[in-house]
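Here's the structure we're looking at; comments come further down.
For ligands, and for the atoms within them, numbers begin at 1 and follow the listed sequence. All of these numbers come straight from a predicted model, not from anything done at the bench.
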Amino acid sequence: MPKYYKEGKTKKKPREVRVGKKTLKPESMMMSYGYDPTLSEGALKCPIFQTSTFSFKSAEDGKAFFEIALGLREKGPTEELGLIYSRLNNPDLEILEDRLCLWDGADAASVFQSGMAAIATALLAYLRPGDVIVFSEPLYGGTEYLINHYLPEFGIGLVGFPAGVPLAQLADSVRDRAAGKRVPVVLIETPANPTNSIVDIEGVATLARSLGAGDPRPVVMVDNTFLGPVFQHPLKHGADLVLYSATKFIGGHSDVVAGACVGHADVVERVRTLRTFIGTAAGPWTGWLLLRSLETLKMRMTAQMKNARYVADFLADHPLVKHVNYLGLMSEDDPMFPVYRKQCVGPGSLISFEIEGGEEAAFRFLNALQLVTLAVSLGGTESLAEHPTSMTHSDVEPEDQERMGITPGLIRMSVGVEHFEDLIADVEQALEAVRSGGGAGKARAEAQPARAKATR
Ligand SMILES: *Cc1c(COP(=O)(O)O)cnc(C)c1O
């Protein structure tokens with residue numbers, strides 16, 4: 001094996017580290033798992049392997065690595081794919097992939113240059129002309145665009161169903177629409193963006209077995225960007241592949257675009273192989289940044305969730321707020337409540353809420369924010385707010401927006417790690433600006449120069 005690379009990692013080895021009788025939790029392993037400092041001159045932290053290619057110790061090694069990489073023969077029981085070329089593998093990516101597996105209890109992972117690269121590569125690995133893809137709605141805007149605008153051009157049929165509705169009410173219609181077709185993929189996103197509607201992962205995995213022509217059994221893919229990898233573990237509920245925009249919570253600092261998938265070894269292997277041939281792997285610098293981010297993932301997500309609870313409670317009591325979509329506020333009478341209790345470990349830190357007064361009020365609110373930044377994206381350390389109807393979901397047809405609860409007064413907020421009292425003060429003054437109808441622009445104008453100076 002190349003010198004800097006930890007030897008003897010195999011996909012099949014149990015991903016468990018024990019201290020005495022205690023099996024360590026993922027957060028305890030994020031600083032060290034899969035990396036051996038003695039192989040890197042004792043460097044405590046994994047170096048950035050900023051290299052396109054790797055030298056082979058012998059021609060025999062090079063031959064063996066290629067045989068395995070191209071699937072020309074099965075790997076021997078103790079044999080590993082050696083490092084070849086950074087579009088195929090790189091230590092920063094492989095160590096990151098090992099650590100990502102820990103949160104979801106996955107066999108294997110694969111890291112991509114963006115969340116969309118992960119999603120597109122996973123879909124293309126399985127879908128062929130004449131097939132049908134079954135998916136929940138709404139989906140992330142990019143995914144929705146890819147499915148609705150590109151897949152039909154490749155002869156792929158679309159069967160969508162709404163999130164937030166008990167599957168018992170939908171199963172027959174989904175089965176009818178997919179009847180007699182090959183259905184290789186069922187893709188769901190839960191909770192859905194921006195409404196926080198949820199989809200029953202276990203129910204979908206069961207439904208998938210009865211879909212289409214029955215052969216092949218569909219691969220159930222779950223976009224787990226909103227709650228994962230800390231607060232929801234879809235593989236435990238019957239999913240086969242978990243997809244991430246690592247740009248969001250996994251990266252967590254709004255400074256890197258990346259994606260990942262984790263899941264059963266054979267499913268990930270098929271996606272990873274296509275990653276090699278369409279070239280969607282992340283680079284070493286991205287891998288290194290994400291390794292750094294993973295060390296604080298649990299802390300960040302927990303702090304953000306606590307803050308979000310305070311902000312959601314404040315919003316729910318405010319007279320200008322019509323309703324708040326936050327999992328932590330879901331009523332026990334909601335037909336989806338049992339699903340929430342079954343599959344979510346926590347409510348996360350994404351809130352959407354509708355304010356009185358439609359788009360005009362929503363814009364006034366967004367323009368008046370001083371601590372919270374007006375920007376799309378989510379999951380970073382800083383709080384962000386945006387207007388789904390005119391921004392992230394502007395591509396969705398107006399009648400579909402209406403049906404999905406994406407209304408002109410809706411604001412989406414990703415809650416960061418600031419002090420919750422400061423966040424509430426900002427939200428409160430912005431709502432006050434909506435109510436009074438003035439002063440907000442001035443407040444923002446005063447806030448801006450200070451911010452610009454600070455970034456210089
Ligand atoms: C951001 C996002 C994506 C796309 O990820 P990129 O890293 O921007 O390519 C996919 N799904 C969800 C739920 C997202 O929030």
Side-chain angles (χ1 to χ4, degrees), residues 93 96 100 104 109-124 133 135-151 163-164 185 187-199 201 221-232 234 239 241-262 271 275 278-283 285-287 289-290 293 301 304 308 325 327 344 348-352 375-380 382 384-386 388 391-396 404 406 412-416:
L93 290 198
L96 171 65
L100 282 173
D104 279 290
S110 192
V111 177
F112 295 82
Q113 199 53 264
S114 70
M116 284 314 303
I119 293 166
T121 307
L123 295 184
L124 292 181
I133 176 173
F135 55 97
S136 63
E137 294 175 293
L139 288 171
Y140 174 73
T143 314
E144 189 268 340
Y145 198 96
L146 176 70
I147 289 180
N148 285 299
H149 294 259
Y150 287 100
L151 293 188
V185 177
L187 171 67
I188 61 175
E189 189 177 310
T190 181
N193 175 14
T195 51
N196 272 334
S197 313
I198 58 176
V199 181
I201 300 168
M221 303 183 182
V222 180
D223 184 330
N224 199 33
T225 299
F226 269 36
L227 280 187
V230 172
F231 297 129
Q232 182 168 270
L241 190 73
V242 182
L243 296 159
Y244 288 106
S245 168
T247 311
K248 314 294 167 55
F249 289 99
I250 293 174
H253 297 74
S254 305
D255 55 6
V256 60
V257 172
C261 70
V262 309
V271 178
R275 181 185 78 168
I278 58 176
T280 45
W285 171 229
T286 295
L289 279 172
L290 294 179
S293 289
M301 288 190 76
Q304 289 172 257
N325 303 314
L327 289 178
C344 306
S349 50
L350 278 145
I351 300 173
S352 65
V376 299
S377 199
L378 55 103
E382 67 287 290
L384 302 178
E386 63 108 9
M391 297 170 193
T392 46
H393 294 70
S394 53
D395 179 54
V396 179
M404 295 173 192
I406 306 172
R412 185 187 76 187
M413 194 170 159
S414 170
V415 179

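- A donor-acceptor pair under 3.5 Å is formed between the side chain of Gln304 and the backbone N or O of Val415.
- A donor-acceptor pair is defined here as one N or O able to donate and one able to accept, closer than 3.5 Å; such a pair exists between the side chain of Arg275 and the backbone of Val111.
- At distances below 3.5 Å, not a single donor-acceptor pair connects side-chain atoms of Asn196 with backbone N or O atoms of Ser352.
- Of the candidates Thr195, Val376, Ile406, Pro388 forms a side chain to side chain contact (heavy atoms under 4.5 Å, CB included) with just one, namely Ile406.
- In this structure, Asp104 and Pro234 have side chains that are in contact, with non-hydrogen atoms separated by less than 4.5 Å.
- The shortest contact between atom 11 (N) of ligand 1 and any protein heavy atom is with Asp223 OD2, 2.7 Å.
- Looking from atom 6 (P) of ligand 1 to the surrounding protein, the closest heavy atom is Gly115 N, 3.3 Å.
- Counting atoms of ligand 1 from 1 in the listed order, those under 4.0 Å from a heavy atom of Ser114 are 7 (O), 9 (O).
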(message) Does Ser254 form a side-chain hydrogen bond (donor to acceptor under 3.5 Å, both in side chains) with Glu382? I'd like the steps, not just the answer.
(response) CA-CA 8 Å; Ser254 305; Glu382 67 287 290; 2.8 Å; yes

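- Closest protein heavy atom to atom 7 (O) of ligand 1: Thr247 OG1, 2.6 Å.
- Closest to atom 8 (O) of ligand 1 among all protein heavy atoms lies Tyr140 OH, 3.8 Å.
- Leu327 and Ile198 get closest at one heavy-atom pair: CD2-CG2, 3.8 Å.
- Using a 4.0 Å cut-off to heavy atoms of Ile119, the atoms of ligand 1 that qualify are 10 (C).
- Using a 4.0 Å heavy-atom cutoff, Ala117 is absent from the residues neighbouring ligand 1.
- What sits closest to atom 9 (O) of ligand 1 on the protein, heavy atoms only, is Met116 N, 2.8 Å.
- If you look at Ala258 next to ligand 1, the close heavy atoms, those under 4.0 Å, all belong to the backbone.
- Smallest separation of non-hydrogen atoms from Ala118 and Tyr244: CB-O, 4.4 Å.
- Taking every heavy atom of Glu189 and a limit of under 4.0 angstrom, the matching atoms of ligand 1 come to 13 (C).
- Leu139 does not count as a contact of ligand 1, since none of its heavy atoms falls under 4.0 Å from the ligand.
- Using a 4.0 Å heavy-atom cutoff, Asn193 is absent from the residues neighbouring ligand 1.
- Each of Leu243, Val271, Val185 was compared with Leu123 under the side chain to side chain contact (heavy atoms under 4.5 Å, CB included) criterion, and only Val185 meets it.
- Looking only at protein heavy atoms, the nearest one to atom 14 (C) of ligand 1 is Lys248 NZ, 2.9 Å.
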